[in-house]
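Every chain is numbered from 1, with letters handed out A, B, ... down the list of sequences. The figures that follow rest on heavy atoms only: side chains count, while hydrogens, waters and symmetry mates do not.
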Amino acid sequence: MLLLALLVVPLAPAVATGLFGWRPTVAWTHVGASAATLALAVVLAVRVLDETIVRFGNGVLRADALAAFMVLVVAIVGLLASWSSTGYIDTELATGHTTPAGARLYGALVPLFVAAMLLALLAGNAAVTWIAIEGTTVATAFLVGHRRNRASLEASWKYVIIGSVGLALAFLGTIVLAYAARAAGATSANALNWDTLTAIGGRLDPATARLAGGLLLLGYGTKVGLAPMHTWLPDAHSQAPAPVSALMSGVLLAVAFSVILRFKTIIDAAAGPGYMRGLLIVMALLSLAVAASLMLGQRDAKRLLAYSSIEHMGVLAFAAAVGTRLAAAALLLHVIAHALGKTAAFLAVGELPLAEGTTRITELRGLLTRRPALGGCIALAIIALLGLPPFGLFASELALARAGFDAKLGWSTAAVFAVLAAATAALLYQAQRILLGPPTPTVDSQQLAVLASPRATLMVPLVSALIALGLLGITLGPLQQLLNAAARIVAR
Amino acid sequence: MTTDTYRQLLGLAAGVMIVAAVLALWRRSLSAIVRILAAQGLALAAIAVLVGAYHHEVSDIAVGGMFVVLKVVVIPAVLLRVVRDTNNQRQSEPLVNVSTTIVGAAILTVVAFAATRGLVGLHPSPEADALPAGFAVVLIAFFGLVVRRNALVQVVGFLMLENGIAAVAVLAGAGISLTVEMAVALDLLLAVLVLQILSARMQTKFGGLELDHLSELTD
């Protein structure tokens, strides 16, 4: 029942918005439903701590510690995003950037998007997981195209075509894996159940498993935004409304990555750890290199954050490649810290088009002196994304470096961290261009005066995300146990 | 139906799917390309019905029926409407010339057969013999997505890729239940409708379906 509630509760506001349109009371049902989802996620997390697997409906839905951990991350970012959505859409309506119909569509699609992510995590069957991930593409297509101008149309076209083709390859990989499972004795009814696949992983034909693993990595890797399948990501993440960018960058990428993690344990059992490790290291290095070079010459602040997401997905790919328990723990810590950091960054930067009329880096110069509150939040979020102490990403990257050397992957670890250093330097360079320096005169300060002080519906979620991020860097607290349990699933 | 006839009919239908994928690579007329897609969908449905009839599996026959409705009737109708709504350009030039695309398709077919040798050997059966054709359709359609720069042709390319995968799914008897198969089809239909709406917006904003207009977002 708990699992079913986790899928139904987030959907309620979609119905409310569909019926009544976007209005203040409806907007707050989004926040209420998100808070209820978070409460349910916490209950689920407590239930799976002793490594029980929660099931519903004969295994149609299932949740282990890994699923519960990811559900928790989705629920946290979901709450932050829906909270900031309330003011964001109101401001967009007030400034004529969207219409009541556009706001209604937004309010209906965001809950669908969140519910699709939760289904992907809670499905008991790999094909249902695939359907849910494809569902996220369908649900977000019009969110990316929310602004309805030429740029957002271009972004949503690339997003849907590249994402769907990538996921089609993932489906092919799923079928090939099912074929191998059938040959290894699974029945056609259970060949794609996660439980069955995990149980018979070691008996699968190695060559077929390798073919499936390659296709799955290419397919879901497209959705994660790993290079060289990343080309849609900067466009989509920069064109979407800020709360949606936060959800896409902060959690959707990681949800798709968690699917790769599940398949990886199965492929590794069949074909040995070397195969997926090699592919993942190549993709990790490519992603980091692409992110570093394109962040350095970047002219737009939102695209800068999108490339930073590619960078962090590269780090996740390397952590998965290392594959030890320490690396898995570092990976999961990285997931939650990146989710919080990227949410804060996108929420804050997403306010710039309203506050400053632009997201072009050259026109933002000196933001910290001009808008201390907003600029300060951007500064803190970027410090967190740079992997500097005291924030969580510092701890996860440090642990990952240790795990890499422990696993006798010294050269790869050194190479990955060298490129990561370059990417960090690029982001630091751009951050100082945005935040410091003499301010350039803004376009029309009269017109923007209304938005002089940041709204509370932005600042509350923004500051909460930053505080949570700071706490994560100091102590994991009660999360530690869940993280360990989840890490044991990622690295057996 | 004897095993031999069954094997030959499966091979024939799979062959039609490959030929359709190759034709779509170089045809110029948009409506012709949509009709080729419908023909490929029909061949796919034939494969599902054949498998169902031979193994007395009602669910495979039902899947075949669903393919007829979705891939032969509904989706081509949606796409033909997009073509009808384009006022000026109902033709699209391929980026690469005809002979190159055909050589490319031939190479990809060979690659598909080579890459799936292990798969066929894993569980020999008449269905397994036709599996590589499904992979060939996937690769050729992927090639088509790269060499064609028109919104409608890209959607057709994506759908052909999907047809190839559906053929593999049916032939592999992958253990995908009818419900899941329906949900996959629904996802596909939604994706096509999204793309249809986006291409309609493209018509109004850019006055055409050529993707060279998409050039604002670069680094």
Mind checking whether V184(B) and E134(A) have side chains closer than 4.5 Å, heavy atoms only? no
Do V138(B) and L169(A) come close enough that some side-chain heavy atom pair is under 4.5 Å? yes
[X] versus chain A, heavy atoms under 4.5 Å apart: side chain, backbone, both or neither?
{"X": "L186(B)", "value": "neither"}
{"X": "L198(B)", "value": "both"}
{"X": "S215(B)", "value": "backbone"}
{"X": "L188(B)", "value": "neither"}
{"X": "L193(B)", "value": "neither"}

Can you tell me which portion of [X] sits under 4.5 Å from chain B's heavy atoms? Options are side chain, backbone, both or neither.
{"X": "L172(A)", "value": "both"}
{"X": "R148(A)", "value": "both"}
{"X": "A151(A)", "value": "both"}
{"X": "I131(A)", "value": "both"}
{"X": "D300(A)", "value": "neither"}

What heavy-atom pair brings [X] and [Y] nearest, and what distance separates the two atoms?
{"X": "A180(A)", "Y": "L122(B)", "result": "CA-CD2, 4.2 Å"}
{"X": "A115(B)", "Y": "L211(A)", "result": "O-CD2, 4.5 Å"}
{"X": "A168(A)", "Y": "L161(B)", "result": "CB-CD2, 3.3 Å"}
{"X": "I175(A)", "Y": "A169(B)", "result": "CD1-CB, 3.3 Å"}
{"X": "V194(B)", "Y": "A141(A)", "result": "CG1-CB, 3.5 Å"}

Can you establish whether the number of heavy atoms outside [X] located under 6.0 Å from its atom [atom1] is more than 12?
{"X": "N58(A)", "atom1": "CG", "answer": "no"}
{"X": "H123(B)", "atom1": "NE2", "answer": "no"}
{"X": "F142(B)", "atom1": "CZ", "answer": "no"}

Using non-hydrogen atoms and a limit below 4.5 Å, what part of residues 154-164 of chain A faces chain B? E154(A), A155(A), S156(A), W157(A), K158(A), V160(A), I161(A), S164(A)
Gap separating the [atom1] atom of [X] from the [atom2] atom of [Y], nearest 0.5 angstrom:
{"X": "N149(A)", "Y": "E216(B)", "atom1": "CG", "atom2": "CD", "value": "7.5 Å"}
{"X": "L214(B)", "Y": "L153(A)", "atom1": "CG", "atom2": "CG", "value": "7.0 Å"}
{"X": "D187(B)", "Y": "I133(A)", "atom1": "CG", "atom2": "CD1", "value": "11.0 Å"}

Show your reasoning for whether side-chain contact (heavy atoms from CB on, under 4.5 Å) applies to V168(B) and Y179(A). CA-CA 10 Å; V168(B) 173; Y179(A) 187 65; over 6 Å; no
With chain A as the partner chain, list the residues of residues 45-70 of chain B whose heavy atoms fall under 4.5 Å from it, by residue number, and write 'none' if nothing qualifies. none
Counting only non-hydrogen atoms closer than 4.5 Å, can you tell me which residues of residues 150-160 of chain B sit against chain A? A151(B), Q154(B), V155(B), F158(B)
Under the side-chain hydrogen bond (donor to acceptor under 3.5 Å, both in side chains) rule, collect the residues that match up with N193(A), sequence neighbours excluded. N125(A)
